[in-house]
Amino acid sequence: MKSAPFKYAAPATIAEALDILGENDPDEVKLMAGGQSLMPLLNMRLARPELVVDLGHVAGLDFIRETAGGVAIGAMTTKRAVEESELIRGEHPLFWESTVAIGHPPIRNRGTVGGSMAQADPASEYPAAAIALDAELVAVSKAGERVIAAEDFFVTYLTTSLEPGEILTEVRIPRPVVGTGWSFQEVARRHGDFAIVGAVATLRLEGGGVVDPRIVVFGAADRAIRIREAEGLVSGQPPTEENFQAAANRIGEAVEDPLSDVHASEEYRRHLAVVLGGRVLGEAAERASRESVGA
Ligand SMILES: Cc1cc2nc3c(=O)[nH]c(=O)nc-3n(C[C@H](O)[C@H](O)[C@H](O)COP(=O)(O)OP(=O)(O)OC[C@H]3O[C@@H](n4cnc5c(N)ncnc54)[C@H](O)[C@@H]3O)c2cc1C
């Protein structure tokens, strides 16, 4: 099937892109990054915008920059560039791991960091990593710049808190505190598929107890969700299998109304959330303990 006809604009600067957005009805405009998710929607006529604004020629949106607090990644940076970045692999290994779990090399060659964040697919790896890492997303509009915490950015299925007229320009990821252990695991039907369910954990170990745990589950609900109830069960406690299992069980309870579709039933998704939740806590603790003995 072919898309419905649309007009096409290829601005060269952010200012030009914002002007175009300002001149058109926001409901009739679609921004395009790599087009990997957008083009199928257009071709299936699930989206019929009057105008597509291609961000591919906009200067200054493709970068990976070390900052005082961590790293800033431009919205039009491809996943391949993230995968090949020694800075990301060395200093932000959880984000790197979430990148290489996305699709296959051709997908990562064209797909962008900003496109995946803005697409807000509940089974996508990046939203979960962004929430676990306390990332911030930067949006610009005619009104100026807005910095949005990742947890506030992903609202529900394919929906973010971006306002009409806003363009996502940058993702900021803080440098992890020394000694942070992390784990990223997912279950997919085949390597490179979207996850059926995935889980992410980060934590530190201090004085024999778990400090600052983060647990995020994706693919199980309408968006990636941080499970604070489970974090509360391990925080300050020794990193034992028993405590992690109790937290994993709490994850299963906290995932209300899991998705049920052709890929997996509600029960199976809940089961995966529990199993993966336990595994990521265990692996994150193992990494944190290696860090703390300097291994
Ligand atoms: C075969 C296949 C397998 C895949 N597997 C996975 C997978 O395992 N995990 C995964 O996460 N993804 C997967 N994807 C999706 C892939 O990661 C895409 O890169 C991602 O969906 C975004 O595509 P894009 O960067 O080309 O953005 P586009 O398709 O161009 O845009 C996606 C959406 O974001 C909006 N948008 C884009 N950029 C901006 C911006 N700067 N500001 C505001 N809005 C913006 C667009 O308007 C559109 O609504 C897969 C895709 C394919 C085709």
Side-chain angles (χ1 to χ4, degrees), residues 3 6 8-11 14 17-18 20-21 24 26-44 46-49 51-63 73-83 95 97-130 137-141 145-146 148 153-155 157-171 184 186-198 200 218-219 223-224 263:
S3 67
F6 56 82
Y8 172 83
I14 292 175
L18 291 175
I20 296 171
L21 291 183
N24 288 276
D27 292 337
E28 297 298 342
V29 183
K30 269 286 178 196
L31 294 170
M32 182 167 78
Q36 286 212 112
S37 296
L38 182 64
M39 287 313 297
L41 290 176
L42 296 181
N43 287 339
M44 287 185 277
L46 294 171
R48 301 172 74 116
L51 173 66
V52 169
V53 180
D54 185 353
L55 298 175
H57 306 273
V58 173
L61 290 178
D62 177 6
F63 59 85
I73 306 174
M76 287 298 291
T77 308
T78 63
K79 288 154 191 150
R80 188 65 171 172
V82 174
E83 182 178 352
F95 197 72
E97 194 78 20
S98 73
T99 304
V100 294
I102 297 173
H104 300 277
I107 307 300
R108 300 196 291 274
N109 276 339
R110 184 144 191 95
T112 65
V113 173
S116 277
M117 298 291 181
Q119 180 70 9
D121 191 302
S124 175
E125 289 80 359
Y126 270 168
L137 294 104
V138 182
V140 297
S141 69
E145 187 182 281
R146 195 161 70 96
I148 310 158
F153 186 80
F154 304 102
V155 175
Y157 296 100
L158 311 185
T159 308
T160 68
S161 57
L162 282 175
E163 301 282 350
E166 280 186 324
I167 300 175
L168 180 63
T169 53
E170 185 177 322
V171 179
F184 178 98
E186 66 177 36
V187 170
R189 201 164 284 274
R190 294 167 306 192
H191 170 73
D193 279 3
F194 273 100
I196 295 174
V197 170
V200 184
F218 61 103
R223 64 190 189 289
H263 303 295

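When a ligand or atom number is given, it counts from 1 through the structure's own listing order.
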- Item | Euclidean distance, L46 CG relative to L38 CG, rounded to 0.5 Å |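 L38 CG to L46 CG: 11.0 Å, rounded to 0.5 Å.
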- Out of curiosity, H263 NE2 to F194 CZ, how far, rounded to the nearest 0.5 Å?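 These two atoms lie 9.5 Å from each other.
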- Message: Walk me through whether V197 and V187 qualify under side-chain contact (heavy atoms from CB on, under 4.5 Å).
- Response: CA-CA 6 Å; V197 170; V187 170; 5.7 Å; no
Under a 4.0 angstrom heavy-atom cut-off, which atoms of ligand 1 come close to [X]?
{"X": "G115", "value": "22 (C), 25 (O), 27 (O), 32 (C), 34 (O), 37 (C), 38 (N)"}
{"X": "M32", "value": "30 (O)"}
{"X": "S124", "value": "10 (C), 11 (O)"}
{"X": "G111", "value": "19 (O), 25 (O)"}
{"X": "K79", "value": "16 (C), 17 (O), 18 (C), 19 (O), 20 (C)"}
{"X": "A118", "value": "34 (O), 35 (C), 36 (N), 44 (N), 45 (C)"}
{"X": "L168", "value": "40 (C), 41 (N), 42 (N), 43 (C)"}
{"X": "L162", "value": "43 (C)"}

Heavy-atom gap [X] to ligand 1 smaller than 4.0 Å:
{"X": "Y126", "value": "no"}
{"X": "D121", "value": "no"}
{"X": "G192", "value": "yes"}

With backbone taken as N, CA, C and O and side chain as the heavy atoms from C-beta onward, which portion of [X] lies under 4.0 Å from ligand 1: side chain, backbone, both, or neither?
{"X": "I107", "result": "side chain"}
{"X": "H104", "result": "neither"}
{"X": "L55", "result": "side chain"}
{"X": "D193", "result": "backbone"}

May I ask you to identify the nearest protein heavy atom to [atom], giving residue, atom name and distance to one decimal place in Å?
{"atom": "atom 9 (N) of ligand 1", "answer": "E125 OE1, 2.7 Å"}
{"atom": "atom 49 (O) of ligand 1", "answer": "K30 NZ, 3.4 Å"}
{"atom": "atom 33 (C) of ligand 1", "answer": "Q119 OE1, 3.2 Å"}
{"atom": "atom 38 (N) of ligand 1", "answer": "A33 CB, 3.5 Å"}
{"atom": "atom 10 (C) of ligand 1", "answer": "F194 CE2, 3.2 Å"}
{"atom": "atom 24 (P) of ligand 1", "answer": "G34 N, 3.6 Å"}
{"atom": "atom 28 (P) of ligand 1", "answer": "G35 N, 3.5 Å"}

- Task: Give the ring-plane orientation class for Y126 versus F95, where under 30° counts as parallel, over 60° as perpendicular and anything between as tilted.
- Result: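 Taking F95 first and then Y126, their aromatic rings lie parallel (interplane angle under 30°).
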So do the side chains of [X] and [Y] get within less than 4.5 Å of each other, counting heavy atoms only?
{"X": "P49", "Y": "L42", "result": "yes"}
{"X": "T169", "Y": "V138", "result": "yes"}
{"X": "Q119", "Y": "L158", "result": "yes"}
{"X": "N109", "Y": "T78", "result": "no"}
{"X": "S98", "Y": "V200", "result": "no"}
{"X": "L61", "Y": "T112", "result": "no"}
{"X": "L31", "Y": "L21", "result": "yes"}
{"X": "I107", "Y": "Q36", "result": "yes"}

Check: [X] N/O within less than 3.5 Å of ligand 1 N/O:
{"X": "S37", "result": "yes"}
{"X": "R110", "result": "no"}
{"X": "L31", "result": "yes"}

- Task: Ignoring hydrogens, just give me the one of S98, G74, G103 whose non-hydrogen atom is nearest atom 8 (O) of ligand 1.
- Result: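 Heavy atom nearest to atom 8 (O) of ligand 1 belongs to G103.
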- Query: Are the aromatic ring centres of F218 and F184 under 6.0 angstrom apart?
  - Reply: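 That pair passes the under 6.0 Å test.
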- Task: Just do the side-chain contact (heavy atoms from CB on, under 4.5 Å) check on K79 and S116 with the steps written out, would you?
- Result: CA-CA 9 Å; K79 288 154 191 150; S116 277; 2.7 Å; yes
- Task: Might you confirm whether atom CZ of R80 has over 12 heavy atoms from other residues, nucleotides or ligands at distances under 6.0 Å?
- Result: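 Check passes, neighbour count above 12.
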